[in-house]
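I have placed the structure first, in the form of structure tokens, so that the comments after it can refer back to it.
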Amino acid sequence: SMLLPWYSKSPPALREHPVLAALAILVCGLGLTVVISMLGQSHAKERIQGRVDRQVHRTYLSMQNHLFTYEGLLRGGRGLFEVRGKIEGDEWRRFVEELDLPHRYPSVKGLAYIERVPGGEGERFLIKYSEPASLNPNAAGYDIGLDPEQRGAAIRAMESGSSAITAPIYFKDSGTE
């Protein structure tokens with residue numbers, strides 16, 4: 001009785017049935033363990049979900065920033081044509097060289113000017129200038145209108161005056177994009 005002072009003050013039923021007392025303590029302990037475990041799991045789940053949500057948001061902002069950057073490059077090219085009217089291939093080459101794509105925009109492989117060519121067989125969308133030409137030597141004259149996705153993007157860009165981004169164009173002869 002010295003070791004278990006609570007036992008002497010417990011209800012007579014528990015004193016008469018020590019196994020019942022032990023079971024009651026065990027059930028209460030297990031119940032508390034389950035409740036605490038569930039609360040801990042819930043808290044851990046919320047922490048993990050918060051981390052995932054923050055990472056998704058950071059990734060979204062990074063992608064949005066990259067797309068705005070790429071759109072700025074395209075708007076710069078469009079501005080060149082609006083200011084100068086018609087330009088020649090060497091002017092497009094100098095414009096793209098000044099952008100310093102490999103160092104300032106390493107994920108941009110090159111920039112192309114696509115010219116809409118109406119015709120009796122239907123309009124075509126031909127790559128007139130593509131720089132750096134060394135990366136895509138077969139790009140000039142390629143009709144992006146042959147691919148439905150590329151054609152749709154060209155029409156959307158033409159009609160809206162905004163940029164339209166698509167998947168890369170792969171040139172079969174050179175194996176580049």
Side-chain angles (χ1 to χ4, degrees), residues 38-177:
M38 289 173 60
L39 289 173
Q41 285 178 347
S42 174
H43 179 68
K45 197 175 189 180
E46 288 173 9
R47 266 192 3 247
I48 291 170
Q49 187 62 49
R51 283 188 206 146
V52 168
D53 289 346
R54 285 189 298 277
Q55 184 61 40
V56 166
H57 186 68
R58 280 193 296 269
T59 302
Y60 169 78
L61 292 176
S62 176
M63 290 175 66
Q64 187 178 44
N65 186 37
H66 277 82
L67 290 175
F68 284 149
T69 299
Y70 301 152
E71 186 175 22
L73 291 172
L74 297 175
R75 286 181 182 273
R78 187 174 76 194
L80 175 66
F81 278 89
E82 288 179 9
V83 168
R84 300 275 305 188
K86 186 173 182 172
I87 69 165
E88 299 300 322
D90 63 324
E91 294 171 296
W92 182 252
R93 181 185 46 74
R94 286 196 318 264
F95 169 74
V96 174
E97 282 176 357
E98 285 298 316
L99 293 173
D100 192 20
L101 297 177
H103 297 102
R104 296 181 72 202
Y105 310 98
S107 60
V108 176
K109 306 291 185 218
L111 290 178
Y113 169 70
I114 299 168
E115 188 171 65
R116 178 179 164 235
V117 180
E121 308 156 11
E123 64 187 352
R124 297 171 56 191
F125 296 92
L126 302 178
I127 295 178
K128 187 167 183 178
Y129 309 125
S130 178
E131 293 294 335
S134 61
L135 291 179
N136 296 313
N138 302 318
Y142 179 79
D143 183 1
I144 68 160
L146 297 174
D147 177 279
E149 181 186 348
Q150 303 290 340
R151 180 181 194 75
I155 292 169
R156 280 192 314 276
M158 181 182 64
E159 290 175 350
S160 69
S162 296
S163 303
I165 297 174
T166 65
I169 300 171
Y170 293 95
F171 299 98
K172 291 179 174 64
D173 295 342
S174 65
T176 62
E177 55 179 293

Under 3.5 Å, is there a donor-acceptor pair between the side chain of E91 and the main chain of E88?
-> yes
Any side-chain heavy atom of V96 within less than 4.5 Å of one from W92?
-> yes
E71 side chain near L67 side chain, heavy-atom distance below 4.5 Å = no
Can you tell me how far the CD1 atom of I155 sits from the CD atom of Q150, to the nearest 0.5 Å?
-> 12.0 Å
Can you find a pair of side-chain heavy atoms, one from V117 and one from F125, that are under 4.5 Å apart?
-> no
4.5 Å side-chain heavy-atom contact, L73 and Y105 = yes
Can you tell me if CZ on R84 sees more than 12 non-hydrogen neighbours from other groups inside 6.0 Å?
-> no
Smallest separation among heavy atoms of L99 and R104, with atom names | O-CD, 3.6 Å
To the nearest 0.5 Å, atom CG of L111 lies from atom CG of L101 at 5.5 Å
Is it true that a side-chain atom of T69 and a backbone atom of N65 form a donor plus acceptor pair closer than 3.5 Å?
-> yes
Would S130 and Y113 count as having a side-chain donor-acceptor pair, cut-off 3.5 Å?
-> no
Using a 4.5 Å cut-off on heavy atoms from C-beta on, say whether the side chain of I144 contacts that of I114.
-> yes
Taking only Lys NZ, Arg NE, NH1 and NH2, and the carboxylate oxygens of Asp or Glu, determine whether E131 and R93 approach each other closer than 4.0 Å.
-> no
Check ion pair R151-D147 (N to O, under 4.0 angstrom) | no
Separation between CD (Q49) and CZ (R54), nearest 0.5 Å, reads 10.0 Å
Taking all heavy atoms of K109 and all of P132, pick out the closest pair and write down the distance.
-> O-CD, 3.5 Å
Quick one: pull up CZ in R94 and CD in E97 and give me the separation to the nearest 0.5 Å.
-> 9.0 Å
Would you say the side-chain atoms of S62 pair up with the backbone N or O of R58, donor to acceptor, closer than 3.5 Å?
-> no
What do you reckon, is CD of E98 surrounded by more than 12 foreign heavy atoms closer than 6.0 Å?
-> no
Should the ring pair Y129 and F81 be called parallel, tilted or perpendicular, given that the plane angle runs from 0 to 90° and is split at 30 and 60?
-> parallel
Please examine the side chains of V56 and D53, heavy atoms only from C-beta on, and report whether any two atoms are closer than 4.5 Å.
-> no
